Amino acid sequence: QLQLVESGGGLVQPGGSLRLSCAASRFTLDYYAIGWVRQAPGKEREGVSCISKTDGSTYYADSVKGRFTISRDNAKNTVYLQMNSLKPEDTAVYYCAATRLCEYEYEYWGQGTQVTVSS
């Protein structure tokens, strides 16, 4: 079974940047579209971004467009989420997840990493 491990979360001031990493084990990420989903306290999960397994097409929620960038390094079996111009409303637990296509529901999930944006 595919296992995903996130890293890179932490505390950052508004306007700052973080880069999250999603590393896979047991299977190569080449076979999957990989997405980032976040959940803030008391709120529903929100799909943030997804990158396809084929042509590298990327998708972003309107709330993060122009600030977040998703990328993948297949040689390192890792997907990244570069987050710039962070806002307090970006505070959440961020999960990476895998699926066949970005349009499908996610099948595999990581354990999550906390991102806190606060002064």
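Treat the numbers as computed from the prediction; the structure is a model and nothing was measured. Computed over heavy atoms, backbone and side chain alike; hydrogens, waters and symmetry mates excluded.
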A.B. asks: Closer than 3.5 angstrom, by distance alone: can the side chain of S49 be matched with the main-chain N or O of Y59 as a donor-acceptor pair?
C.D. replies: yes

A.B. asks: With clusters defined by side-chain heavy atoms of hydrophobic residues (ILVMFWY) lying less than 4.5 Å apart, directly or transitively, does V64 cluster with V37?
C.D. replies: no

A.B. asks: Strictly by modelled atom types, are T91 and Q114 linked by a side-chain donor-acceptor pair under 3.5 Å?
C.D. replies: no

A.B. asks: Looking at every non-hydrogen atom in both residues, tell me the closest pair between G56 and I51 and how far apart they are.
C.D. replies: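 Heavy atoms of G56 and I51 come nearest at O-CG1, 3.8 Å.
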
A.B. asks: Could you walk me through whether K87 and V117 pass side-chain contact (heavy atoms from CB on, under 4.5 Å), step by step?
C.D. replies: CA-CA 6 Å; K87 305 174 181 180; V117 185; 5.5 Å; no

A.B. asks: With the 4.5 Å side-chain cut-off for hydrophobic clustering, are I70 and V93 part of the same group?
C.D. replies: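 No: no chain of side-chain contacts under 4.5 Å links I70 to V93.
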
A.B. asks: A92 and A40: which non-hydrogen atoms are nearest, and at how many Å?
C.D. replies: CB-N, 3.8 Å

A.B. asks: Considering non-hydrogen atoms only, spot the tightest contact between S63 and R38 and give its length.
C.D. replies: OG-NH2, 3.4 Å

A.B. asks: Can you tell me how far CG of L4 sits from OH of Y106, rounded to the nearest 0.5 angstrom?
C.D. replies: 11.0 Å

A.B. asks: So if I apply the side chain to side chain contact (heavy atoms under 4.5 Å, CB included) rule between Y80 and each of C96, S21, C22, which one comes out positive?
C.D. replies: S21

A.B. asks: Could you please spell out the steps behind the side-chain contact (heavy atoms from CB on, under 4.5 Å) verdict for Y31 and R100?
C.D. replies: CA-CA 7 Å; Y31 298 128; R100 302 287 178 166; 5.8 Å; no

A.B. asks: side-chain contact (heavy atoms from CB on, under 4.5 Å), that's the test. Do F68 and L81 meet it? Break it down for me.
C.D. replies: CA-CA 7 Å; F68 290 11; L81 184 69; 4.2 Å; yes

A.B. asks: Between S85 and R67, what is the shortest heavy-atom contact and its length?
C.D. replies: O-NH1, 3.0 Å

A.B. asks: Kindly indicate, with the supporting measurements, whether the criterion side-chain contact (heavy atoms from CB on, under 4.5 Å) is fulfilled by Q82 and S17.
C.D. replies: CA-CA 7 Å; Q82 177 67 43; S17 298; 3.9 Å; yes

A.B. asks: Any chance CD of E105 has more than 12 other-residue heavy atoms, nucleotides or ligands included, within less than 6.0 Å?
C.D. replies: no

A.B. asks: Between T78 and D73, does any side-chain donor sit less than 3.5 Å from a side-chain acceptor?
C.D. replies: no

A.B. asks: Is there a side-chain contact between Y60 and K65 in this structure, where contact means two heavy atoms from C-beta onward sitting under 4.5 Å apart?
C.D. replies: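 Y60 reaches K65 side chain to side chain.
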
A.B. asks: Give the minimum heavy-atom separation between G8 and L18, together with the two atoms involved.
C.D. replies: O-CD2, 3.8 Å

A.B. asks: Is the CZ atom of R45 crowded by more than 12 outside heavy atoms at less than 6.0 Å?
C.D. replies: yes

A.B. asks: Measuring only between side-chain heavy atoms, which start at C-beta, is P88 closer than 4.5 Å to P14?
C.D. replies: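 Yes, close enough: below the 4.5 Å cut-off.
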
A.B. asks: Mind checking the CD-CG spacing from E6 to L20? Nearest 0.5 Å is all I need.
C.D. replies: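 Between atom CD of E6 and atom CG of L20 there are 8.5 Å.
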
A.B. asks: Judged by atom type as modelled, is there a donor-acceptor pair below 3.5 Å linking the side chain of D30 to the main-chain atoms of N77?
C.D. replies: no

A.B. asks: Side chains of T58 and C50: closer than 4.5 Å at any heavy-atom pair?
C.D. replies: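 No, their side chains stay 4.5 Å or more apart.
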
A.B. asks: When you measure from the side chain of E107 to the backbone N and O of T99, does any donor-acceptor pair fall under 3.5 Å?
C.D. replies: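 Not a single qualifying donor-acceptor pair exists.
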
A.B. asks: Treating Q39 as the side-chain partner and Y94 as the backbone partner, does any N or O pair qualify as donor plus acceptor under 3.5 Å?
C.D. replies: no

A.B. asks: Using a 3.5 Å distance criterion without hydrogens, assess whether the side chain of T113 forms a donor-acceptor pair with backbone atoms of G9.
C.D. replies: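 Such a contact is found between T113 side chain and G9 backbone.
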
A.B. asks: Which atom names give the shortest non-hydrogen contact between A61 and E46, and what distance separates them?
C.D. replies: CB-OE2, 4.2 Å

A.B. asks: Ring-plane angle category for Y95 and W109, please: parallel below 30°, perpendicular beyond 60°, tilted otherwise.
C.D. replies: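 It falls in the perpendicular class, over 60°.
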
